[in-house]
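Reading through the structure tokens given below for one structure.
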Protein chains: 2
Amino acid sequence: MRVTINDIAKAANVSPATVSRAIADSPRISKATKKKIFKIMEEMNYYPNVIARSLARKSTNIIGILVMGTTEKAFQHPFFPEILRGVASVAYKNKYKILISSVTNMDEQREIVDDLTQSGITDGILLLSSGVKDPSITYLKEIQFPFVVVGRPDNENEVNWVDNDNISVGYKMTQHLIEMGCTEIAFLGVDRKFIVTLDRLKGYKMALQDNNIALNEDLIVEGKFVDDTGYELMKNLMEKGIVPSGVIACDDLLAFGVIKYLNEKGLKVPDDVAVAGFNNVPLSSYFTPPLTSVDINAFSLGAKGFELLMACMKSEYKSFNRAIIPTQLIIRESTLKK
Amino acid sequence: MRVTINDIAKAANVSPATVSRAIADSPRISKATKKKIFKIMEEMNYYPNVIARSLARKSTNIIGILVMGTTEKAFQHPFFPEILRGVASVAYKNKYKILISSVTNMDEQREIVDDLTQSGITDGILLLSSGVKDPSITYLKEIQFPFVVVGRPDNENEVNWVDNDNISVGYKMTQHLIEMGCTEIAFLGVDRKFIVTLDRLKGYKMALQDNNIALNEDLIVEGKFVDDTGYELMKNLMEKGIVPSGVIACDDLLAFGVIKYLNEKGLKVPDDVAVAGFNNVPLSSYFTPPLTSVDINAFSLGAKGFELLMACMKSEYKSFNRAIIPTQLIIRESTLKK
DNA sequence: CTGAACTGAGCAAACGGTTGCACCGAAGGA
DNA sequence: TCCTTCGGTGCAACCGTTTGCTCAGTTCAG
């Protein structure tokens, strides 16, 4: 069968304990012994069994990523792999492995969280969520399991989290459109379940106020955040007789739908209507016209999220940390009115 | 500390072995005893420790997903999360967990594969790859570890794999363009490292031949498969003085770049040049014009891949299986010449 | 009435590491 | 020379389950 630490010990004429310590690079083992052991490990093609190690150490060096999609669309959004890549990048450097788990519907959440936490398979988990009143967050706090939320939760002072400053993001974008001469700016895709959209909306309102533009509630359109219903949302708006001079969609995917509808109606973007999105998906720059957006730096969200998690796993839950990842307004043709 | 099987045993006045067997629903334990044990487990809030279980069982119910990106772009492509979702979907039903691992550069491959296989953490692995002569495939065969490749490998008879019939995919698309009246059809984005692009090219050639159209090598342009360099590729082609009546790009993302360039040059799509892509990324339908593509059914690729892997893990490596996932030509405006 | 066949459950040895503590020999100080 | 100190290593318990055997008690056929 496979070669174990005992085989190495026998071959090296030492005890298994010594081999174990050599592998852990314990200072209690002499250079000479280590060298001998490593040589034999190499020769015998030995790999430590991480399961056995995990059992003994009571820690697995595995973290779980929980995608709190109320819908499977969450998985499909381009920023998901980017976050994942960010996490993977720093996790790999720190010898951590990543277990992903799909959450399909809300009923399964509790079960999946239990599966990840109580079974002892993960040392900590990263929650991809920006949902309002997320029950998993409450539960994780309750069982005192190390976790970090990617996306600011509503009880922001009681958990570790990392996010963009979405209020500022909304503000910046609105400010930009105002500077481009837009006065009637529609805000599309507010989903009251997602804090991120609410925050961006808040920023939007603040910018209007700072520019002495009256808020018109009719211009604020609710919709599913990550579903691609921009086309319908815009259609509904215009069929009410409202033709804004600028549109901010809560996500680029929504914005694409908006532009599609405007095109069909013969309205020019940006000259008739300026359109902007958020999240800067890879295709925004290839769209016609290239879409103004905000880069949220999803890679960093993931990377920083993992760093916080590591800290959290070590520090036995003393204080709560947060991190704000800077964003970048990417101005492209879709808002550049002549 | 956490409650273990021994605590349950004591509370139920039975041996740990009996509890273990009750959990496994062994016929050797009486209904009455089982009932008593389950009740106590519930009361004491017991969760089995999967690490200890894995050690004893020598199997973890975890599979690894290896993303063989020569570049990190692989992670970013929209079909990646779709495949992942497919895998997760059926894995979840079968009580399997998923470990993902990032492969950044080729040098790390071996190390990461060892990490996943030799450490005992996974029971099998899914390789996301369509690379030519993938060294990891050779290695996995060598160590006799259960694995399935998503994407037909070159030694197709010696491994388990699942893929689309990319030759047919290329054929169908070419045939479509020919029927739309295109005679000079460019084929963009052939990457000799990727079997998938080579297969699609093969289909392209077959279709030309079947329609008695002479092959013009100048129309075949190599490029990076998943990089968004369609713009440059098209530019290079046209700057050689070649203006095809149709363009097939090996991926939608390339096609977007192609269209962008054509727009800039004042050429109308599809009337001047018909353009098609592959993989049917979510945005293709929102593009202007909506892009003709082929849906590769990435979800099924993942789901079926996992099913094959399960079979492979059980069947001690007897025979090799494969599965072909059907594709669907999605005709949209970008190729509908008037 | 006795031995065989069953049922239901327990003992104890794995599984492959880690780690607190004991131990031993050599060096150093008194 | 004797006692301490200390570097280097081994012993054995432990991590929480699983599982091959054994075994006690019943049932039942001969």
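Not measured: the values here are computed from a predicted model. Note on naming: letters A, B, ... go to the chains in the order of the sequence lines (proteins, then strands), and numbering restarts at 1 for each one.
Between the CG atom of A/Asn6 and the C1' atom of C/dA14 there is a distance of 12 Å, given to the nearest Å. In this structure, A/Asp7 atom CG and C/dC15 atom P are separated by 11 Å, rounded to whole Å.
Qualifying side chain to side chain contact (heavy atoms under 4.5 Å, CB included) partners for A/Ala11, counting only residues two or more places apart in sequence or in other chains: A/Ile40, A/Met44. Taking the side chain to side chain donor-acceptor pair (under 3.5 Å) definition, one finds that B/Glu156 meets it with B/Arg152, B/Arg322, sequence neighbours left out. Contacts of B/Thr18 classified as side chain to side chain donor-acceptor pair (under 3.5 Å), with partners at least two apart in sequence or in another chain: B/Ser15. With sequence neighbours left out, the side chain to side chain donor-acceptor pair (under 3.5 Å) criterion links A/Asn61 to no other residue. Partners of A/Ser300 by side chain to side chain donor-acceptor pair (under 3.5 Å), not counting sequence neighbours, listed by chain and number: A/Asn297. For B/Thr138, there are no side chain to side chain contact (heavy atoms under 4.5 Å, CB included) partners at least two apart in sequence or on another chain.
Sorted by first and then second residue, the pairs that involve residues 26-38 of chain A and meet salt bridge (charged side-chain N to carboxylate O under 4.0 Å, His left out), not counting sequence neighbours, are A/Asp25-A/Lys34.
End-to-end axis angle of the helix from C/dC1-D/dG30 to C/dA30-D/dT1, using five pairs per end and rounding to 10°, comes to 60°.
Side-chain proximity of B/Leu55 to C/dC15, D/dC15, C/dG17: nearest is C/dC15.
Contact annotation: B/Lys58 side-chain N/O to D/dT17 OP1/OP2 distance is not under 4.0 Å. Taking 4.0 angstrom as the limit, B/Arg53 places none of its side-chain polar atoms (N or O) nearer than this to OP1 or OP2 of D/dG16.
If you check residues 114-124 of chain A against DNA chain C, you find no residue with a heavy atom closer than 4.0 Å. Looking at residues 38-49 of chain B, you'll see B/Tyr46, B/Tyr47, B/Pro48, B/Asn49 sit with a heavy atom under 4.0 Å from some atom of DNA chain D.
Counting only heavy atoms from C-beta outward, the side chains of A/Phe147 and A/Cys312 never approach each other to under 4.5 Å.
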Atom pairs under 3.5 Å, N or O on each side, protein against nucleotides 24-26 of chain C: can you list them with distances?
none

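Side-chain atoms of B/Thr117 come within 3.5 Å of backbone atoms of B/Val113 as a donor-acceptor pair (strictly under, hydrogens ignored).
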Task: nucleotides 5-10 of chain C: protein proximity per nucleotide (B base, S sugar-phosphate only, - neither; heavy atom, under 4.0 Å) - done: ---BBB

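Residues B/Tyr139 and B/Phe145 place their aromatic rings such that the two centres sit no closer than 6.0 Å.
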